[in-house]
Number of protein chains: 2
Amino acid sequence: MATIYDVARHADVSAATVSRVLNGRGSVDPTLTERVLAAVAELGYRRNAVARNLRKQQTSLWAVIISDVQNPFFTSMVRGIEDVASAAGCSVVLCNSDENPEKESKYIGVALSEQMAGVIISPSSDRTEDFNLLPDSGCPVVMVDRQVKGVRCDSVLVDNEHGAEEATTHLIEQGYERIACITGPRRLSTAAQRLRGYRNAFKAAGRPVDESLIRAADFREHGGHDAMAALLDAAGPAPDAVFVANNLMTVGAMECLAERGRVIPDDIALVGFDEIPWADLVRPSITTVEQPTYEEGRAAAELLAHRIANPDRALTQQTLKTTLRVRASSTRPTPLSP
Amino acid sequence: MATIYDVARHADVSAATVSRVLNGRGSVDPTLTERVLAAVAELGYRRNAVARNLRKQQTSLWAVIISDVQNPFFTSMVRGIEDVASAAGCSVVLCNSDENPEKESKYIGVALSEQMAGVIISPSSDRTEDFNLLPDSGCPVVMVDRQVKGVRCDSVLVDNEHGAEEATTHLIEQGYERIACITGPRRLSTAAQRLRGYRNAFKAAGRPVDESLIRAADFREHGGHDAMAALLDAAGPAPDAVFVANNLMTVGAMECLAERGRVIPDDIALVGFDEIPWADLVRPSITTVEQPTYEEGRAAAELLAHRIANPDRALTQQTLKTTLRVRASSTRPTPLSP
DNA sequence: TTGTAGGCGTTATCAC
DNA sequence: GTGATAACGCCTACAA
């Protein structure tokens, strides 16, 4: 590997001049500039970013620690982040924590040790201290999608509570009587908020919540499947509608219903949270609470860029709006008479 | 940020001793070891990986440059890579080239500048020289999924040609007459191989290939949609079956058929390549040529680990098997009389 | 405008 | 078994 000194020797200038040419700092005689550039090309010289980072005490790499690479919600968000990062001259590296707190801690450590310029994270755990390691070490952080109390960082969220309430209210208005809820792990803010929205809808309608119709699963496909099965197998009348608090679990629940031969929405209505990929190919089409995922990514990235530029600015929190998209899965097959 | 010298001062030893304790090299008096560890804990010391990398001339980071983070095929592969990397004590960072040769070049540059320990790449382009930058700079590389001629690296592929032939033969055997093919960009080996497999099937059956039924699109959903539309809009009788050379385009083609009110498989049969996510929710279920994606990831990662350990070993190429999964979309609704 | 020299934090080599 | 010391490649005062 050629170093800056090799280039300097080749161009018959000092290493400082090479550095100046490469970084466009200070002014350099056009003749020398040309010689340096020629030497760079000839030697195939490429700046050693590690040495540069050590000297400058920072990199131009952003770490994006996402809780599940296999969830299209996150990958779509990543696109938004990348677009902003690349406009800011930074590169994005993704780390997959896989909903696993250990992996998450590991990647926080990597971001810190590698002196990443900043971190965008969708938390898998509620380990406040792990997250605070970042701001405490002076590494800018933005949390996205999920909230962890007590972490000193900016965040980008969506109005989960409102979205869930709207979805549940929609089911109530359609005349469903036994509306179940499959939510996520209690430690995750999104699960808690969406469950709260579900409860709010009943309160607003002046109806009691049947606690036996609420299940907490793990936000994965399998969890949604099993929770649905448990709801169907429970004693008493089966639910006639279900609100599922994320996309993967919605898929799982649908698979369960298909296995049992339950027809949506005739036997049971369904509303999901998050966009279902290839929703248009799924029959019946699924009513969902949609999030502006690309925008969430952009917003998080812009927040990060601002904090990097100005580490002392006040902590901010952005909340984006969700949209209820009513489709076939929640439409009453036989309209109620008034 | 505490440095190794802060720790040394705190523990009243030299920096060299701290380093030895932290790296477990050489032998250190247990008393000193304890003092060092205590100082590390007290100061919240974390080794500066950048400095370490500079000194050691290498990192423990693997770059995985994938051509589309939104394609579940790749994300599933990533899981395989991560599992092997983490067993090897390395961390994986993902880079999304987004089927964009410019972005791909950029990330190759990043991997090189950041002195990554190795790179696993699913190429988006056929820029041989860009790829060869890596081995030429001594950076171990493994190519996965797609092949680029003339690149000096190991690779992991699947038997695309055979898989495509099997799929097409299946359609022929089902009695379809006008079997179309939607393949990918000609520059990508997978597209070329799958198209060749399609042709092979006709040759084996002693039937001519109707060139007007072949379309090349971009391996994205939109491309599949438009190619399907073009096939339907073309003069002459419409195809009665179609082989689509990747998963995203299969989704696009299905959307197009749904828009036009064409029923699968009654009006037109369909076989896709790659696994369709949530295939079980899609009606009708789709016949696919399935790849062992997780295994591809594992195999690539193991090849990379071997090459890192032994840079001079001979170049290898692994080819994994595909499996035709016959489902409803390609089953003749009205069996032919003999 | 150009060159010299010091230091970023670590590890490895050498004395002790 | 332990501690100085040099070097990894680069950037940036500072001096010329």
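What you see below is based on every heavy atom in this structure, not just the backbone, and it leaves out hydrogens, waters and symmetry mates. The model shown is predicted, which means the values in this text are computed figures rather than measured ones. Here is the naming used below: chain letters follow the sequence lines, and residue numbers restart at 1 for every chain.
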Answer yes when E302(A) and R298(A) have at least one side-chain N-carboxylate O distance shorter than 4.0 Å, and no when they do not.
yes

Just N and O in the side chain of S27(A): are any of them under 4.0 Å from OP1 or OP2 of dT1(C)?
yes

Heavy-atom protein contacts under 4.0 Å, nucleotides 6-12 of chain C, coded B base, S sugar-phosphate only, - none:
BBBBBBB

In this structure, are over 12 heavy atoms from other groups packed under 6.0 Å from E34(A) atom CD?
no

Side chains of residues 139-150 of chain A: which donor-acceptor partners sit under 3.5 Å, not counting sequence neighbours?
residue	atom	partner	partner atom	Å
R146(A)	NH1	E99(A)	OE1	3.1
R146(A)	NH1	P123(A)	O	2.7
R146(A)	NH2	E99(A)	OE2	3.1
Q147(A)	OE1	Q193(A)	NE2	3.3
Q147(A)	NE2	Q317(A)	OE1	3.4

Going by an N to O cut-off under 4.0 Å, is there a salt bridge joining R127(A) and E102(A)?
yes

CZ/R46(A): more than 12 non-hydrogen atoms of other groups inside 6.0 Å:
yes

N100(B) and E104(B), any side-chain heavy atoms less than 4.5 Å apart
no

At what angle, to 10 degrees, do the two end axes of the helix from dT1(C)-dA16(D) to dC16(C)-dG1(D) meet, given five pairs define each axis?
40°

Using whole Å, what does the distance between atom C1' of nucleotide dG3(C) and atom CG of D29(A) come to?
14 Å

Output the rounded distance in Å from CD (Q58(A)) to P (dC10(D)).
17 Å

Could you tell me whether the phosphate oxygens of dG3(D), OP1 or OP2, come under 4.0 Å of any side-chain nitrogen or oxygen in T17(B)?
yes

Going by an N to O cut-off under 4.0 Å, is there a salt bridge joining D98(B) and R220(B)?
yes

Does some side-chain heavy atom of S125(B) sit less than 4.5 Å from a side-chain heavy atom of D130(B)?
no

